**Q** 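Below you'll find the structure I mean.
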Amino acid sequence: MKFGIMGTGEVGSTIARGLQRLGHDVVLGSRSPGGEKHGLPVRSHKDAAAFGEIIVNAVHGEDALQLFQGCALTGKILIDIGNYQSAISEPLARTLGETLQQAFPEARVVKTLNYISAHLMIDPASLGGPLTVFVAGNDAEARDTVKSLLTAWGWQDIVDLGDLSAARSMENLASLWVRFNAQANHTNFSLALTRKP
Ligand SMILES: NC(=O)c1ccc[n+]([C@@H]2O[C@H](COP(=O)([O-])OP(=O)(O)OC[C@H]3O[C@@H](n4cnc5c(N)ncnc54)[C@H](OP(=O)(O)O)[C@@H]3O)[C@@H](O)[C@H]2O)c1
């Protein structure tokens with residue numbers, strides 16, 4: 001499939017690599033279009049969105065809304081991996097996932113991976129222990145497509161939390177990630193949901 005990834009930072013580059021590995025076609029969307037990064041074309045956000053059948057948000061929440069203005073999103077899945085930086089230290093007034101969905105009702109927003117260390121997103125087995133990834137979105141078919149992608153990256157415990165109101169729980173986990181990262185001083189950790197079947 002064709003993917004347009006917004007953001008060329010740690011998450012954007014990692015997801016691009018993971019998609020390449022699976023044989024997908026990827027264009028990166030950037031404020032500085034032109035040339036290549038990791039062997040992938042870097043284009044404007046609008047061009048990357050036009051290219052993608054599936055779009056990935058890999059920028060901070062504070063930057064996301066403006067970036068998607070005028071982008072071709074109709075009917076497309078928008079995988080939102082972002083967090084508001086402000087949510088690390090302040091109560092989350094509105095979630096990024098729901099804000100994006102409300103601003104762009106023509107897209108099908110699916111929230112996932114936003115509290116997972118970037119390198120584990122596409123290689124969860126490398127941690128060597130159980131770990132859980134949550135998925136939320138208003139469109140069940142879109143959630144299923146994203147779950148298939150996660151499975152292809154090796155995720156085994158994929159928990160479907162239902163509609164996008166679950167973005168609140170997921171985005172609040174980002175502050176836990178930042179706190180633990182500061183204590184541990186590495187990114188080789190994640191969460192596992194232990195429960196009765
Ligand atoms: N790093 C992680 O392990 C991790 C894990 C889970 C979730 N996340 C979330 O994923 C998102 C991206 O994180 P990251 O670590 O990849 O950040 P990052 O390395 O700082 O990259 C963010 C990218 O956003 C773009 N950008 C910066 N300012 C922008 C602006 N004003 N308008 C539009 N685009 C702008 C830049 O790409 P261009 O210069 O090419 O435009 C930049 O490379 C964040 O919301 C973060 O919370 C990160």
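None of these values were measured; they are calculated from a predicted model. Read the numbers this way: they start at 1 and go in the same order the structure lists the ligands and their atoms.
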**Q** Compute the minimum heavy-atom distance from L113 to ligand 1 and say whether it is under 4.0 Å.
**A**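 Contact present.
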
**Q** For ligand 1, does I116 get within less than 4.0 Å through its side chain, its backbone, both, or neither, judged by non-hydrogen atoms?
**A**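 The answer is the backbone of I116.
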
**Q** Quick one: does A118 get an N or O within less than 3.5 Å of an N or O on ligand 1?
**A**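 Yes; the residue has a nitrogen or oxygen that sits under 3.5 Å from a nitrogen or oxygen of the ligand.
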
**Q** Who's closest to atom 18 (P) of ligand 1 heavy-atom-wise, of A174, A87, G9?
**A**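 The option holding the nearest heavy atom is G9.
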
**Q** With rounding to the nearest 0.5 Å, note down the distance linking OG1 in T14 to CD1 in I116.
**A**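 Spacing of OG1 (T14) from CD1 (I116) equals 13.0 Å.
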
**Q** Taking side-chain hydrogen bond (donor to acceptor under 3.5 Å, both in side chains) as the cut-off, I'd like each qualifying pair that reaches into residues 140-157, sequence neighbours left out, listed once.
**A**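 Those involving residues 140-157 are T132-D157, R143-D160, D144-K147, K147-D160, D157-R195.
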
**Q** May I ask you to decide whether E171 forms a salt bridge with K111, counting only side-chain N to carboxylate O separations under 4.0 Å?
**A**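 Result for this pair is yes, salt bridge flagged.
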
**Q** Give the numbers and elements of all ligand 1 atoms closer than 4.0 Å to a heavy atom of M121.
**A**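 Checking each atom against M121, I get 5 (C), 6 (C).
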
**Q** Which heavy-atom pair separates G7 from L28 by the least distance, and what is that distance?
**A**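 Minimum heavy-atom separation between G7 and L28: O-CD2, 4.1 Å.
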
**Q** Would you mind listing which atoms of ligand 1 come within a distance below 4.0 Å of any non-hydrogen atom of G82?
**A**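 Here the atoms of ligand 1 in question are 45 (O).
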
**Q** Report the part of N114 (side chain from C-beta onward, or backbone N, CA, C, O) that has a heavy atom under 4.0 Å from ligand 1; answer both or neither where that applies.
**A**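 Looking at N114 and ligand 1, just backbone atoms fall under 4.0 Å.
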
**Q** Could you work out, for atom 30 (C) of ligand 1, the closest of T14, D63, V11 by heavy-atom distance?
**A**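 Residue with the shortest heavy-atom distance to the ligand atom: D63.
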
**Q** Which of the listed options, M6, E10, Q85, holds the heavy atom that is closest to atom 19 (O) of ligand 1?
**A**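 Answer by nearest heavy atom: E10.
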
**Q** Note the single closest protein heavy atom to atom 47 (O) of ligand 1, along with its residue, its atom name and the distance in Å.
**A**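 Atom 47 (O) of ligand 1 sits closest to the protein heavy atom N83 ND2, 3.0 Å.
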
**Q** For S30, take its heavy atoms, then give the atoms of ligand 1 lying under 4.0 Å from any of them.
**A**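 This gives 38 (P), 40 (O), 41 (O) as the contact atoms.
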
**Q** Looking only at the side chains, is there a donor atom on one of N181 and H186 sitting less than 3.5 Å from an acceptor on the other?
**A**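 Side-chain D/A pair, N181 to H186: absent.
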
**Q** Measure across A87 and S175 and return the closest heavy-atom pair with its distance rounded to 0.1 Å.
**A**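 The pair with the smallest heavy-atom distance is O-CB, 4.0 Å.
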
**Q** Look at atom 24 (O) of ligand 1 and find which of N181, V59, I5 reaches it with the closest heavy atom.
**A**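 Nearest option to atom 24 (O) of ligand 1, by heavy atoms: V59.
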
**Q** Under 4.0 angstrom from ligand 1, any heavy atom of E62?
**A**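 Not so, E62 does not reach ligand 1.
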
**Q** Tell me, yes or no, whether the heavy-atom count around Q102 atom CD, taken from other residues, nucleotides or ligands under 6.0 Å, exceeds 12.
**A**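 At most 12 heavy atoms, drawn from other residues, nucleotides or ligands, come within 6.0 Å of this atom.
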
**Q** Within a distance under 4.0 Å of any heavy atom of T8, pick out the atoms of ligand 1 and give their elements.
**A**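 Every atom of ligand 1 under 4.0 Å from some heavy atom of T8: 37 (O), 38 (P), 40 (O), 43 (O).
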
**Q** Does L191 have any side-chain contact (heavy atoms from CB on, under 4.5 Å) partners at least two apart in sequence or in another chain, and if so, which?
**A**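 Per chain and number, L191 pairs via side-chain contact (heavy atoms from CB on, under 4.5 Å) with Y115, L173, L176.
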
**Q** Check for a donor-acceptor pair, side chain of H60 on one end and backbone N or O of E62 on the other, with a separation under 3.5 Å.
**A**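 Flag not set: sc H60 to bb E62 has no pair under 3.5 Å.
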
**Q** Which atoms of ligand 1 have any heavy atom of I81 under 4.0 Å away?
**A**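 With I81 as reference, the close atoms of ligand 1 come out as 7 (C), 8 (N), 9 (C), 10 (O).
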
**Q** For atom 22 (C) of ligand 1, find the nearest protein heavy atom and state the residue, atom name and distance (0.1 Å precision).
**A**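 Among all protein heavy atoms, the one nearest atom 22 (C) of ligand 1 is A58 O, 4.0 Å.
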
**Q** If we ignore hydrogens and angles and just use 3.5 Å, is the side chain of R31 paired with the main-chain N or O of L67 as donor and acceptor?
**A**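 Not at all, since once roles are kept as given, no pair shorter than 3.5 Å links the two residues.
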
**Q** Distance to 0.1 Å, residue and atom name: give those for the protein heavy atom nearest to atom 36 (C) of ligand 1.
**A**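 Of the protein heavy atoms, R31 NH2, 3.5 Å lies nearest.
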
**Q** Give the intermediate values and the outcome of side chain to side chain contact (heavy atoms under 4.5 Å, CB included) for residues F104 and L65.
**A** CA-CA 9 Å; F104 306 105; L65 263 197; 3.8 Å; yes

**Q** Nearest protein heavy-atom contact for atom 17 (O) of ligand 1: which residue, which atom, what distance?
**A**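 Checking every protein heavy atom, the shortest distance to atom 17 (O) of ligand 1 gives H60 NE2, 3.6 Å.
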
